[in-house]
Peer 1: 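Pasting a structure below so you can have a look.
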There are 2 protein chains.
Amino acid sequence: MNVSIALEILKNEGFKYTEKRENLVAFFAEEKRYLPAKEVLTYMQKSYPGMSVDTIYRNLTLFRDLGILEETEWNGEKRYRLSCATDAHHHHLICLDCGRTRQIEACPMDNIPVYDADFEVVGHKFEIYGKCGACQ
Amino acid sequence: MNVSIALEILKNEGFKYTEKRENLVAFFAEEKRYLPAKEVLTYMQKSYPGMSVDTIYRNLTLFRDLGILEETEWNGEKRYRLSCATDAHHHHLICLDCGRTRQIEACPMDNIPVYDADFEVVGHKFEIYGKCGACQ
DNA sequence: ATCTATTTAAGAATGATTACGATTTACATT
DNA sequence: AATGTAAATCGTAATCATTCTTAAATAGAT
């Protein structure tokens, strides 16, 4: 995922291009890590002083729904990062301090048997948490 | 985990036994599923009409710290369930509607190599989400 | 029975997120 | 290029989960 693909998706799905949206995606493309809404807001308001929180949150959830961003949450905060380039399903090691990630190719779902036929599985989450080298 | 063990832990750790605490643990022991604070509050206020949200939250986090309750969060809400009887480390299938769980004995951490020596691992999360038979 | 630290009540404060009406903007069509 | 329209944004207020505060009540020890 990168800025031009993201803008392509927006266009194809009938959403409008705005400079703010481009800057927002570009920010995620530079950072390549999980960011809370507040940090995104702070960054965006440097370029657009009056930018509303509503716009941030609306775009974050829109981009998540379009597959441009991935979402996770910890400590009662949702966080987003640009969807990884790899199309293949994968998981992450996540630094709880800065949100930086490392990919994990293996998926536990491949190795566990079906536990209950009476349970309709809709999703799963596997994340390893810690501190990256820079944050230690 | 059950009510008497929970009360034992409270006593051993120097915390006080109260009727409300016993009722709270007893509620979790009956339900055996993940419950959000609000649901716990609603239940407790049937018996104790004026019971404050603060008391609920303080006890939930205390019990989590004491290992009496397990915590997870989804949809921006923390949820708690009575710690499972099995001492062994395990994971859960979780019904997103009612919070009921099934245990998963396997842990993905047993099967993946160390991905990055420069990354200090402090924890991990593996959960499978879906709908249980009763909620379908 | 009294003392003291802990717990509780009640409400206010905080922090994240969502909702809303008014205004502005992107962009397809004239 | 001007226009119409749906979408995007703004500014603010509302909502929801959670934490804090202060004074009163209470469990358990002495």
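Every heavy atom of this structure was used, including side-chain atoms; hydrogens, water molecules and symmetry mates were not.
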Peer 1: Do A:Lys125's NZ or CZ and the ring of B:Phe126 fall within the cation-pi criteria of under 6.0 Å and 45°?
Peer 2: no
Peer 1: Hey, does the side-chain of A:Lys16 have a donor or acceptor N/O within less than 3.5 Å of a partner on the base of D:dA6?
Peer 2: yes
Peer 1: Can you tell me the distance, in whole Å, between the CG atom of A:Leu7 and the P atom of C:dA26?
Peer 2: 14 Å
Peer 1: Do A:Glu127 and A:Tyr129 meet the criterion of a side-chain donor-acceptor pair at a distance under 3.5 Å?
Peer 2: yes
Peer 1: Between B:Lys20 and C:dA9, is there a contact of a side-chain N or O with OP1 or OP2 at under 4.0 Å?
Peer 2: yes
Peer 1: C:dA16 P sits how many Å from B:Lys78 NZ, rounded?
Peer 2: 12 Å
Peer 1: Looking at D:dA8, D:dC10, C:dT8, which one has an atom nearest to any side-chain atom of A:Phe15?
Peer 2: D:dA8
Peer 1: Does C:dT7 have OP1 or OP2 sitting under 4.0 Å from an N or O in the side chain of B:Arg58?
Peer 2: no
Peer 1: Pick the nucleotide of DNA chain C nearest each of B:Thr55 and B:Gly14; which residue has the one closer to the 5' end?
Peer 2: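 Whichever sits nearer the 5' end wins; that is B:Gly14.
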Peer 1: Whole-Å distance between D:dG11 C1' and A:Gln45 CD?
Peer 2: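 Going from CD in A:Gln45 over to C1' in D:dG11 covers 12 Å.
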Peer 1: If you draw the axis of the six-membered ring of A:Phe119, does the NZ or CZ of B:Lys131 fall within 45° of it and under 6.0 Å from the ring centre?
Peer 2: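 No, B:Lys131 does not sit over the ring of A:Phe119.
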Peer 1: Figure out the CD/P separation between A:Glu77 and C:dT18, and round it to whole Å.
Peer 2: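 Taking CD of A:Glu77 and P of C:dT18, I get 12 Å after rounding.
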Peer 1: A:Trp74 CH2 to C:dG15 P: how many Å, rounded?
Peer 2: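 Nearest whole value for this atom pair: 19 Å.
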Peer 1: Rounding to a whole Å, what distance do you find between B:Ile56:CD1 and C:dT8:C1'?
Peer 2: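 Distance, rounded to whole Å: 11 Å.
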Peer 1: Could you tell me if the ring centre of B:His91 sits under 6.0 Å from that of B:His124?
Peer 2: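 Close enough - the centres of the two rings lie under 6.0 Å apart.
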Peer 1: Using a cut-off of less than 4.0 Å, is there contact between a side-chain N or O of B:Asn59 and OP1 or OP2 of C:dT8?
Peer 2: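 Yes.
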Peer 1: Map B:Thr18 and A:Val53 onto DNA chain C by nearest heavy atom, then report which one ends up closer to the 5' terminus.
Peer 2: B:Thr18
Peer 1: Is the side chain of A:Arg100 donor-acceptor paired with the backbone N or O of A:Arg33 at a distance under 3.5 Å, no angle test?
Peer 2: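 No; zero donor-acceptor contacts below 3.5 Å.
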Peer 1: Could you state the atom-to-atom distance from NZ of A:Lys11 to P of D:dA8 in whole Å?
Peer 2: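 Between P of D:dA8 and NZ of A:Lys11: 15 Å.
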Peer 1: In whole Å, what is the span from the OH atom of B:Tyr48 to the C1' atom of D:dA25?
Peer 2: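 It is 15 Å, rounded to the nearest whole Å.
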Peer 1: Tell me what B:Arg21 touches on the nucleic acid: a base, only sugar-phosphate, or nothing, going by heavy atoms under 4.0 Å.
Peer 2: sugar-phosphate
Peer 1: Hey, which of these two, B:Tyr17 or B:Tyr57, hits DNA chain D nearer its 5' end, going by closest nucleotide?
Peer 2: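 By nearest-heavy-atom nucleotide position, the 5'-most residue is B:Tyr57.
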